[in-house]
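To start, the structure under review is shown below, and the notes come after it.
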Amino acid sequence: MTAAGKALRILVLLALVAASTPAWAAKVYKIRVDGLACPFCAYGIEKKLMAVPGVKSLGISINKGIVTVTMRKGATLSRDTASRAVKNAGFTMRSFR
Amino acid sequence: MMKRKSAILVLAMAAPAFVMTLAAENAAWAHGPVFSPGPETIWKGGTEVTVAAPYSRQSGPGAGRDVLEPSIEIEYGLTENWQIGIEAPYKFVDTSGADGGGMGDVVLDTKYQLWKKDLPGAQYKAAAFARLKLPTASDTGTPRLGSGSTDLAGGIAAGYESRRWYWFTSAAYSLNNKGGSGLEKGDRQFLNAVGGVRPILSEYGEPDTVFMLELNWERSDRDKLNGLSLANTGGSELFISPVFWWTYRQIAVKGGVQLPVMQDLNGTQPDNDYRGKLELVYHF
């Protein structure tokens, strides 16, 4: 392999590493919630999701029906945990990603 | 089509309540209407504290009467569908002959959400509720602060909440018993219909305001004293009630005025001039 070929391989490798999400980076989940009609009622979702271990912060868009959950570094949120928290708050989880 | 089916189902569930003919005039019900019960329940493990100040004025034939009954009410969510609560009022009564104040009747209440349909940005709900009024107010002084009886009320509420529009309907029956002094207040029936609108679609974390118009119909049977009906008691009334909610995160301020549009009262009784209510609600 020529020196130019090695340099190209190293560059490609570095680019791939830079583009991927490192394992230690904070994970962000988007939960689509049905039944979100008013801001006052949505406070229950904040209470329930913020009580889940590892949750750092969340944002609620009533108009879009989306709750964005940001986890602490290294923490993850399972679909079941999210669904249970949303249900206990009095709503229905439509999608989770 | 699904929306129409859901609406029909809610109406079908609420219909029996109209046939059965609550004494919810002082009840704070989460995010519901002001003068009538709604189908909302607080989330599992959630606590709602309400400080309310209902006021009413009566005048006309017989004695005029002003009543202010500030109360504190605590509701707790056993599950997301089932809540229990207690309400403790203090009552001030001012009549043309006498005035006085004291502990009001403590009320224990519960509500169970029978059905719910969540849609993007909207919810249909129906709930059943019950209230047990305890005879903690004095029924011997002048003016009398309570009936001295343990009374049970129950009913059904259904409703639709969306980002823009609201409607609620409810029906209730209050079964009143004889108090220690021989007075038995007449049973009461309630029917309510409510429509509302949110003019500005505010986001979470922003102040939010909703305006509503309630129609409240009430009917009372005649009171009885030692088994004998009292002529100048009972009758039916219809109120129109403009109300508002203002909320910010977990804080709500609700208020409104009940204005009588029809009063068909038995015998000679003072008319209701108006009733007003202001509530401060906090969620923990």
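Keep in mind the model is a prediction, meaning the values are calculated, not measured. Each chain gets a letter, A, B and so on, in the order its sequence line appears, and its residues count up from 1.
Residue B/Ala122 touches chain A through its backbone alone, counting heavy-atom pairs closer than 4.5 Å. If you measure heavy-atom distances from A/Arg94 to chain B, the contacts under 4.5 Å come from the side chain alone. Of the two parts of A/Leu36, only the backbone, made up of N, CA, C and O, holds a non-hydrogen atom closer than 4.5 Å to a non-hydrogen atom of chain B. Residue contact with chain A, scored on non-hydrogen atoms closer than 4.5 Å, is absent for B/Tyr248.
Under the salt bridge (Lys or Arg N to Asp or Glu O under 4.0 Å) criterion, B/Arg163 pairs with no residue at all, not counting sequence neighbours. Remark: A/Asn88 pairs with no residue by the side-chain hydrogen bond (donor to acceptor under 3.5 Å, both in side chains) rule, at least two apart or across chains. Every residue two or more places apart in sequence or in another chain that forms a salt bridge (Lys or Arg N to Asp or Glu O under 4.0 Å) with B/Lys116 is listed here: B/Asp118.
Atom OH of A/Tyr43 sits about 6.0 Å away from atom CZ of B/Arg249, to the nearest 0.5 Å. Note: A/Cys38 SG to B/Glu40 CD = 8.0 Å, rounded to the nearest 0.5 Å.
Other residues, nucleotides and ligands place no more than 12 heavy atoms under 6.0 Å from the CH2 atom of B/Trp165.
Taking each heavy atom of B/Gly121 and A/Ala37 in turn, the nearest pair found is O-CB, 3.7 Å. Across all their heavy atoms, A/Pro39 and B/Ser202 have their closest contact at CG-O, 3.9 Å.
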Practice problem: Starting from the C-alpha separation in whole Å, work towards a yes-or-no answer on side-chain contact (heavy atoms from CB on, under 4.5 Å) for B/Leu119 and A/Asp34. | Solution: CA-CA 5 Å; B/Leu119 302 167; A/Asp34 279 357; 5.7 Å; no

Exercise. List the steps and the verdict of side-chain contact (heavy atoms from CB on, under 4.5 Å) for A/Phe91 and B/Trp43.
Key: CA-CA 9 Å; A/Phe91 301 95; B/Trp43 66 87; over 6 Å; no

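With chain B as partner, the option from A/Val33, A/Ile62, A/Ile45, A/Ile60 having the largest number of non-hydrogen pairs under 4.5 angstrom is A/Ile62. Of all the listed residues (B/Gln123, B/Lys44, B/Glu203, B/Glu80), the one sharing the greatest number of non-hydrogen pairs under 4.5 Å with chain A is B/Glu203. Between chain B and the residues A/Gly65, A/Ala89, A/Ser61, the largest count of heavy-atom pairs under 4.5 Å involves A/Ser61.
Residues of residues 47-59 of chain A that come closer than 4.5 Å to chain B, counting heavy atoms only, are A/Lys47, A/Lys48, ordered by residue number.
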